[in-house]
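Report on the structure given below.
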Amino acid sequence: MARVFSGIQPSGGMHLGNLLGALRNWVAYQHDHDAVYCVVDLHALTTAPDPAELRDNTMAAAAMLLSVGIDSDRSTLFVQSSVGEHAELAWMMECTVGFGELRRMTQFKDKSDRSEFVSAGLFTYPALQASDILLYDTDLVPVGDDQRQHIELCRDIAERFNRRYGETFVVPAHVIPEAGARVMDLQNPGDKMSKSLESAGTVGVLEEPDSVTRKFKRAVTDSDNEVHYNPDTKPGVSNLLGILASATGRTPESVADDYAQYGPLKADTAEAVNELLSPIRERYAELSSDPGEIARVLAAGADKARTVAAATLNRARDNAGLIPRSPA
Ligand code: AQP
């Protein structure tokens, strides 16, 4: 069975972009793939979060993954920092990736422009991400469009390491959904919806239905009052079409044919989103009352993940010329 790996940062409340761009596909893959999913708390450290908040967000992210439908009997679910191999292989990845390659990452440019303090970790983030992926001999990485550049760099790193030291890593491919790959902020449709922007245009997965409806009603569109799909010239309307298409399993172009005015498009998009979110909210409320069960799932997942990660790390260490570790 082909292996799928993906991760999500515990950097705050999950939003519609995370759900449509990534998590829904994660759920789908677990039925016919060997699926490994991870809450990447080491990545969240790049922006120095408050420790208590990071702990809470990590557990909340795990609860959210279970609520959207990740089944711990089918998938391996764990927290990145519980498997020490991620940090160790990340160093080898940093020694394999070029400074110039990291400098070209657009996400680093965006995030560093918005930050007062820019950590070295924010810059080398794609090396840690490559470690996450390569440790599991991953074939496919389901992600939103914003991660395309990072996964392409991960492939380059794997190929370079393999050329330098002999076959060590599986070279993975990304899978990006056709609709929902880039959910934009409802107030600033030129920016992607993001946890850290704290915008009134972000729709949280746990948000109350009335609030979701209000946000769609107030979504920024344009003044030509024509419904058609063109993200470049009509970013606001195209975002609504993309969201409705993704929520209903259609294409944005075919959804556009059903509408002549913005009002009904906004109302139907809000309704479809609320339908998608309401069972997730209910499951989340149930699960959050049992933190012991979430901790148990994560511990079992980490044990399973560690077995695979340790074997890959040993192969990488050996091929790169590091001497075997003395037995503990
Ligand atoms: N707006 C989006 N549209 C589609 N997919 C998205 N993803 C994130 N935003 C959108 C996908 O969600 C997965 C998890 O992302 P992440 O939280 O690990 O990191 P991120 O891409 O940096 O997400 P955010 O919300 O923007 O978080 P912050 O603000 O903390 O940086 C990924 O597969 C991503 O593609």
Side-chain angles (χ1 to χ4, degrees), residues 4-29 35-50 53-54 57-58 60-62 64-65 68 70 79-80 105-115 118-119 121-122 125-126 128-129 132-133 138 140-154 172-199 201-206 219 231 235 238-240 242-243 245-247 252 273 276:
V4 162
F5 175 92
S6 204
I8 188 155
Q9 289 196 64
S11 49
M14 307 255 171
H15 54 74
L16 194 59
N18 297 132
L19 182 67
L20 300 182
L23 304 185
R24 282 210 316 170
N25 290 340
W26 295 17
V27 173
Y29 273 115
V36 182
Y37 299 128
C38 183
V39 179
V40 291
D41 56 345
L42 295 175
H43 285 283
L45 275 186
T46 55
T47 52
D50 172 76
E53 244 174 60
L54 177 59
N57 284 342
T58 300
M64 181 61 81
L65 295 183
V68 300
I70 301 300
V79 174
Q80 183 188 31
M105 295 296 110
T106 55
Q107 198 171 87
F108 173 72
K109 286 182 203 150
D110 293 346
K111 288 196 174 175
S112 57
D113 283 349
R114 282 194 256 135
S115 313
V118 179
S119 69
L122 189 65
Y125 176 118
L128 177 58
Q129 190 178 39
D132 301 337
I133 296 166
T138 301
L140 296 173
V141 192
V143 282
D145 189 57
D146 59 325
Q147 292 295 333
R148 183 190 295 269
Q149 201 186 21
H150 288 169
I151 310 304
E152 280 164 6
L153 182 58
C154 171
H174 50 55
V175 247
I176 294 171
E178 273 178 31
R182 202 168 186 82
V183 176
M184 308 307 277
D185 186 285
L186 298 185
Q187 286 301 311
N188 306 293
D191 296 332
K192 74 158 192 153
M193 196 176 279
S194 173
K195 299 189 210 88
S196 51
L197 280 183
E198 287 174 17
S199 154
T202 298
V203 176
V205 173
L206 297 178
S238 299
N239 191 32
L240 295 173
I243 292 170
S246 172
V273 167
L276 200 66

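All values derive from a computational prediction rather than experimental measurement. In listed order, ligands and their atoms are each counted from 1.
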Step-by-step side-chain contact (heavy atoms from CB on, under 4.5 Å) determination, Thr46 to Leu128: CA-CA 11 Å; Thr46 55; Leu128 177 58; over 6 Å; no

Any N or O of Met193 closer than 3.5 Å to N or O of ligand 1: yes

Side chain Ser246, main chain Gly242, donor-acceptor under 3.5 Å: no

Within reach of ligand 1, part of Ser194 (heavy-atom separation under 4.0 Å): both

Nitrogen or oxygen atoms of Gly144 and ligand 1 under 3.5 Å apart: yes

Which residue and heavy atom of the protein sit nearest atom 28 (P) of ligand 1, plus the separation: Ser196 OG, 3.5 Å

Close approach of His43 to ligand 1, heavy atoms, under 4.0 angstrom: no

Structural part of Met184 in contact with ligand 1, heavy atom criterion under 4.0 angstrom: neither

Closest approach of any protein heavy atom to atom 19 (O) of ligand 1, naming residue and atom: Gln9 NE2, 3.8 Å

Which of the ligand 1 atoms, numbered from 1, are nearer than 4.0 Å to a heavy atom of Ala181: 3 (N), 4 (C), 5 (N)

Ligand 1 versus Arg182: contacting region, heavy-atom distance under 4.0 Å: backbone

Heavy-atom nearest option to atom 35 (O) of ligand 1, drawn from Asp146, Leu19, Val143: Asp146

Least distance between heavy atoms, Thr138 atom then Leu140 atom: CG2-O, 3.2 Å

Side-chain donor-acceptor pair present, Asp185, Ser199, cut-off under 3.5 Å: yes

Minimum-distance protein heavy atom relative to atom 3 (N) of ligand 1: Val183 N, 2.9 Å

Closest contact, heavy atoms only, Ala44 versus Gln9: CA-OE1, 3.4 Å

Nearest non-hydrogen protein atom, atom 8 (C) of ligand 1: Asn18 ND2, 3.2 Å

Atom 13 (C) of ligand 1 [closest protein heavy-atom partner, distance rounded to 0.1 Å]: Ala22 CB, 3.7 Å

Those residues that, when tested against Asp113, pass side-chain contact (heavy atoms from CB on, under 4.5 Å) (two or more places apart): none

Atom 27 (O) of ligand 1: nearest protein contact (heavy atom, Å): Lys195 NZ, 3.3 Å

Heavy-atom pair with the smallest gap, counting every atom of Gly7 and Val40: CA-CG1, 4.2 Å

Atoms in ligand 1 flagged as close to Gly21, the criterion being non-hydrogen separation under 4.0 Å: 4 (C), 5 (N)

For Asp132 against Gln80, the heavy-atom pair lying closest together: OD1-NE2, 2.9 Å

Main-chain N/O of Asp191 paired with Asn188 side-chain donor or acceptor, under 3.5 Å: no

Gly180: numbered ligand 1 atoms lying under 4.0 Å from its heavy atoms: 4 (C)

Part of Ala44 with heavy atoms under 4.0 Å of ligand 1, whether side chain, backbone, both or neither: neither

Any donor-acceptor pair under 3.5 Å from Tyr37 side chain to Trp26 backbone: yes

Atom 23 (O) of ligand 1: the protein heavy-atom neighbour that sits closest, reported with distance to 0.1 Å: Lys192 NZ, 3.5 Å

Distance-minimising heavy-atom pair for Met193 and Gly17: SD-N, 4.0 Å

Test of proximity, Lys111 against ligand 1: N or O pairs below 3.5 Å: yes

Atom 5 (N) of ligand 1: the protein heavy-atom neighbour that sits closest, reported with distance to 0.1 Å: Gly17 O, 3.1 Å

Nearest atoms (heavy-atom pairs only) where His43 meets Gln129: CE1-N, 3.5 Å

